[in-house]
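First comes the structure, then the notes that go with it.
Below, chain A is the first sequence line, B the second, and so on; all start at residue 1. Keep in mind that this is a model prediction, so the values were computed, not measured.
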Protein chains: 2
Amino acid sequence: MTPPLSSLPTKGPTGTEIAEWIRAQIRANRLVPGQRLVEVDIIRKTGGSRFKVREAFHRLAAEGLIDLEEFRGASVREASMDEVRQFYRARAALEGLCAGDFARKASKHEKERLESLALRMEECVENGTPELFGSLNAEWHTLIMQGGGNSVVEMLVKRLYTPVHHLLFETFYRSDRLREAIEDHSRILEAVLNGDPEAAEKAMRAHIENGHTFLAELDRAVHHA
Amino acid sequence: MTPPLSSLPTKGPTGTEIAEWIRAQIRANRLVPGQRLVEVDIIRKTGGSRFKVREAFHRLAAEGLIDLEEFRGASVREASMDEVRQFYRARAALEGLCAGDFARKASKHEKERLESLALRMEECVENGTPELFGSLNAEWHTLIMQGGGNSVVEMLVKRLYTPVHHLLFETFYRSDRLREAIEDHSRILEAVLNGDPEAAEKAMRAHIENGHTFLAELDRAVHHA
DNA sequence: GATAACGAAATTGTTGACGATATTGTTCGG
DNA sequence: CCGAACAATATCGTCAACAATTTCGTTATC
């Protein structure tokens with residue numbers, strides 16, 4: 001067998017990659033809840049084959065990120081406000097667990113990094129750079145989850161984030177919520193520095209519940225208007 | 001509106017049904033960790049087409065229940081002991097959350113049902129009927145999760161159960177573990193009857209952590225032999 | 001006897017075509 | 001002008017055939 005020419009470089013994306021592309025689109029709010037995902041469009045935009053696109057669809061459907069209806073294709077799943085509440089409560093329990101573990105076994109370097117992130121986020125609030133706050137905040141939560149040493153929980157939490165990512169992003173432009181978050185963070189940081197797992201868990205759970213409360217009130221205000 | 005499954009007589013199983021069949025096989029320990037899943041075999045045993053089987057594979061891979069390797073097909077994922085620990089810790093946090101919510105808002109009927117289940121499980125230990133204990137135990141946990149009113153958490157927990165179901169099943173034949181579980185259950189029941197969410201959460205978390213401790217010691221004993 | 005090279009069989013990856021269904025557009029009658 | 005029946009298009013579901021790759025048994029060589 002002589003595979004004559006090096007025809008390798010023209011390799012399309014794999015199903016997993018397409019799924020990640022779709023997830024990214026959803027996080028970036030370029031695909032909004034309820035929007036239909038037409039196979040041909042995805043093929044055009046990603047270069048993948050129809051087969052791979054469908055593979056991606058099934059994976060995302062299993063994650064609960066999209067709906068698959070017979071002969072009607074895929075559409076971005078839209079979470080009800082009650083479901084959003086459930087997402088936040090689940091995250092509170094899981095990230096609380098991680099925060100406790102992190103307080104239990106964080107290294108000196110990790111603690112310093114956490115403190116540094118907290119300081120930089122405070123600067124963001126003063127300087128009015130919410131986009132930077134968002135990425136630092138993601139780093140903050142990732143650091144604690146990875147430091148907790150439970151990759152299963154980390155994956156679960158990531159899946160809980162994606163469906164509400166666009167909502168979360170809005171809150172970064174609300175300076176009152178940011179100030180509240182800063183206070184939450186300092187409480188978490190203090191508990192971690194003191195090596196107090198229970199306090200860290202409690203503070204993290206409160207932090208996330210606060211985030212949901214803010215979101216719920218925002219939604220209620222919009223609904224009344 | 002929805003012409004579901006039964007109204008289509010001469011049609012093979014859908015992808016979701018095949019996935020559920022595979023899950024059931026894994027839970028029943030008829031498919032053991034590491035075992036390869038050959039497409040043709042699944043087709044023969046379920047009557048589904050190859051296309052549907054692959055659809056099921058991708059769903060299960062997204063759940064993390066099977067591994068999918070290029071040109072090497074699917075195989076039942078085997079969890080390391082460390083991963084099993086992470087499963088149990090995640091479950092402890094999530095089911096603890098549900099137990100708290102359940103204690104907060106369980107109806108009189110639900111409380112009675114919980115008490116009844118506890119009594120019947122005690123009888124199982126005395127009568128030596130571990131299979132029945134297993135199904136009652138499943139009912140117990142399901143009741144608390146559904147009563148908590150968080151279907152998102154319920155789904156997450158179910159996915160955390162499946163990969164360790166065969167291990168869990170073994171423990172039902174250990175009367176010492178069963179007696180320990182009975183005591184855990186009575187503590188949870190008491191907290192629920194008292195309407196004490198924090199105690200209920202704490203007791204549930206302890207219950208599941210105990211379950212893992214037992215499993216870990218069992219594994220250590222086997223490993224030393 | 002051990003090892004490497006080879007080839008047949010088994011298994012999975014991919015593509016394209018065709019039927020089934022939903023969606024949209026059009027026409028007709030009132 | 002409006003609504004209902006009908007036709008055209010778009011989109012999805014399924015399957016069968018083919019290509020690519022691994023796996024495993026066989027043989028040749030040292």
Checklist outcome for this item: Residue pairs meeting side-chain hydrogen bond (donor to acceptor under 3.5 Å, both in side chains), one or both in residues 208-217 of chain B, sequence neighbours left out, come to B/Arg89-B/Glu209, B/Asp184-B/Asn210
Item to check | Those residues of residues 53-75 of chain B lying under 4.0 Å from DNA chain D by at least one heavy atom | outcome: B/Phe71, B/Arg72
Checklist entry - Is the NZ atom of A/Lys105 crowded by more than 12 outside heavy atoms at less than 6.0 Å? => result yes
Checklist entry - Looking at DNA chain D, which of residues 32-50 of chain A put a heavy atom within less than 4.0 Å of it? => result A/Leu37, A/Val38, A/Glu39, A/Arg50
Next on the checklist: Using only atom types and a distance under 3.5 Å, with no angle test, would you say the side chain of B/Thr171 pairs donor to acceptor with the backbone of B/Leu168?
Outcome noted: yes
Item to check | B/Arg59 with B/Glu63: basic N within carboxylate O range, under 4.0 Å | outcome: no
Checklist entry - Checking side-chain contact (heavy atoms from CB on, under 4.5 Å) for the pair A/Arg85/A/Met81: CA distance, chi angles, key distance, verdict? => result CA-CA 6 Å; A/Arg85 178 187 63 83; A/Met81 255 344 251; over 6 Å; no
Next on the checklist: Under a 3.5 Å threshold, yes or no: a donor from one side chain and an acceptor from the other, between B/Gln86 and A/Ser151?
Outcome noted: yes
Item to check | Within 45° cone and under 6.0 Å: A/Arg91 NZ/CZ vs A/Tyr88 ring | outcome: yes
Checklist entry - Partners of B/Glu131 by salt bridge (charged side-chain N to carboxylate O under 4.0 Å, His left out), sequence neighbours excluded? => result none
Next on the checklist: Under a 3.5 Å distance rule, please check whether B/Thr14 uses its side chain to pair with a backbone N or O of B/Glu17 as donor and acceptor.
Outcome noted: no
Checklist entry - Can you name the side chain to side chain contact (heavy atoms under 4.5 Å, CB included) partners of A/Thr129, sequence neighbours left out? => result A/Cys124, A/Asn127, A/Leu132
Checklist entry - What are the residues of residues 14-23 of chain A, sorted by number, that bring a heavy atom to within less than 4.0 Å of DNA chain D? => result none
